[in-house]
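Since the structure comes first, as structure tokens, the remarks are kept for the end.
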Amino acid sequence: STWCSSNYEVQSEFKPGGTGIITSGPPSSRIKETMRDPLGRWTCQILDGEKDKDVAIICVYQCCTPAKKDGMKTAYKQQQVLLSLLNRKNTDPRNNFKKDLKQFVRDIQSKYKKIRPIILGDWNEECKGTSASMEICNEFGLVNIFERMHPGHEKFNTYNRGSSIIDF
């Protein structure tokens, strides 16, 4: 298992954000490397693929924009503080998520020449238009595997109070 959360200290047992990947059974012996984002936005396992085609499984969490009343209790605010501690000029967590994830995938692709990225997780947005998820899918040639495997399936929400697919 590969788990990740930010170093941000909270004063309760609940801490929003973080990601994890569990690989069990025969595939677990193929794990070559694990990686974690220091802000807790993604975890990654590099698996030794067939022939020389490795696989990068990346589980992401893109925080949502909080309501003003939420204060420091959100992953958004925690990431904003951590980005400022990194001396980032732009401390918007969603803009940095997109930029940093794209760079992370590029870095993996330059280290492992024939790697296939699989990115999944809680995007907190639909994959359409100018969304970060759509931009990342377009840049790396990714597809929504559920839509690919079940093209005629009726649309459904992936959040109990929502009305759209934000986890894919």
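Quick note: numbers below take in every heavy atom, side chains included, and nothing from hydrogens, waters or symmetry partners. In what follows, residues are counted from 1 in the order of the sequence shown.
Both Val81 and Leu86 are members of a single hydrophobic cluster when ILVMFWY side chains are connected at heavy-atom separations under 4.5 Å. Linking ILVMFWY residues whenever their side-chain heavy atoms come closer than 4.5 Å, directly or via other members, leaves Tyr61 and Ile136 in distinct clusters.
Here the closest non-hydrogen pair linking Lys15 and Ser5 is NZ-OG, 3.3 Å. Nearest heavy-atom pair, Thr23 versus Ser28, reported as atom, atom and distance to 0.1 Å: O-CB, 3.5 Å. Nearest heavy atoms, Ile108 versus Cys44: CD1-SG, 3.9 Å. Scanning both residues, Ser133 and Cys127, for their nearest heavy atoms gives OG-CA, 3.4 Å.
Looking only at distances, no side-chain donor or acceptor of Thr19 sits under 3.5 Å from a matching main-chain atom of Val60.
We find the CE-CD distance between Met35 and Gln45 to be 10.5 Å, quoted to the nearest 0.5 Å. The CG atom of Asn90 lies 11.5 Å from the OG atom of Ser84; values are rounded to the nearest 0.5 Å. Separation of atoms CD (Glu147) and NE2 (His153) is listed at 11.0 Å; rounding is to 0.5 Å. Distance CG/Asn144 to CZ/Arg148: 9.5 Å, rounded to 0.5 Å. Taken to the nearest 0.5 Å, the CG atom of Asn96 stands 10.0 Å off from the SG atom of Cys63. The NZ atom of Lys113 sits 12.5 Å away from atom CG of Asp54, with the distance rounded to the nearest 0.5 Å.
For Lys32, the NZ atom is densely surrounded, since the number of other residues' heavy atoms within 6.0 Å is greater than 12. Summarising the local packing, CZ of Arg116 is surrounded by 12 or fewer heavy atoms from other residues, nucleotides or ligands at distances under 6.0 Å.
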TODO: Go through the steps for Leu101 and Gln62 under the test side chain to side chain contact (heavy atoms under 4.5 Å, CB included), then give the verdict.
DONE: CA-CA 10 Å; Leu101 180 58; Gln62 177 178 224; over 6 Å; no
Open item on the list: Could you walk me through whether Tyr8 and Leu39 satisfy the side chain to side chain contact (heavy atoms under 4.5 Å, CB included) test, starting with their C-alpha distance in whole Å, then the side-chain angles of each, then the deciding distance to 0.1 Å, before giving a yes or no?
Closed with: CA-CA 8 Å; Tyr8 190 88; Leu39 299 182; over 6 Å; no
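Classified by interplanar angle (parallel below 30°, tilted 30° to 60°, perpendicular above 60°), the ring pair His150/Phe146 is tilted. Under the 30°/60° scheme for interplanar angles, the aromatic rings of Phe104 and Trp42 are found to be tilted.
Sorted by first then second residue, the salt bridge (charged side-chain N to carboxylate O under 4.0 Å, His left out) pairs that include residues 88-98, not counting sequence neighbours, are Arg88-Asp100, Arg94-Glu125, Lys98-Glu135. Listed by first and then second residue, the salt bridge (charged side-chain N to carboxylate O under 4.0 Å, His left out) pairs that reach into residues 43-52 are Asp52-Lys114, sequence neighbours excluded.
Of the residues Pro38, Pro93, Ser6, the one that meets the side chain to side chain contact (heavy atoms under 4.5 Å, CB included) test with Leu82 is Ser6.
No hydrogens or angles considered: a donor-acceptor pair under 3.5 Å links the side chains of Gln103 and Arg106.
A search for ring-ring contact (aromatic ring centres under 6.0 Å, His included) contacts involving Tyr76 returns nothing, not counting sequence neighbours. With sequence neighbours left out, the ring-ring contact (aromatic ring centres under 6.0 Å, His included) criterion links Phe140 to no other residue.
In this structure, Leu120 belongs to a hydrophobic cluster whose other members, linked by side-chain heavy atoms under 4.5 Å apart, are Ile21, Ile31, Leu47, Val55, Ile57, Ile118. In the hydrophobic clustering (ILVMFWY side chains linked at under 4.5 Å, chained through shared members), Trp3 is joined by Ile22.
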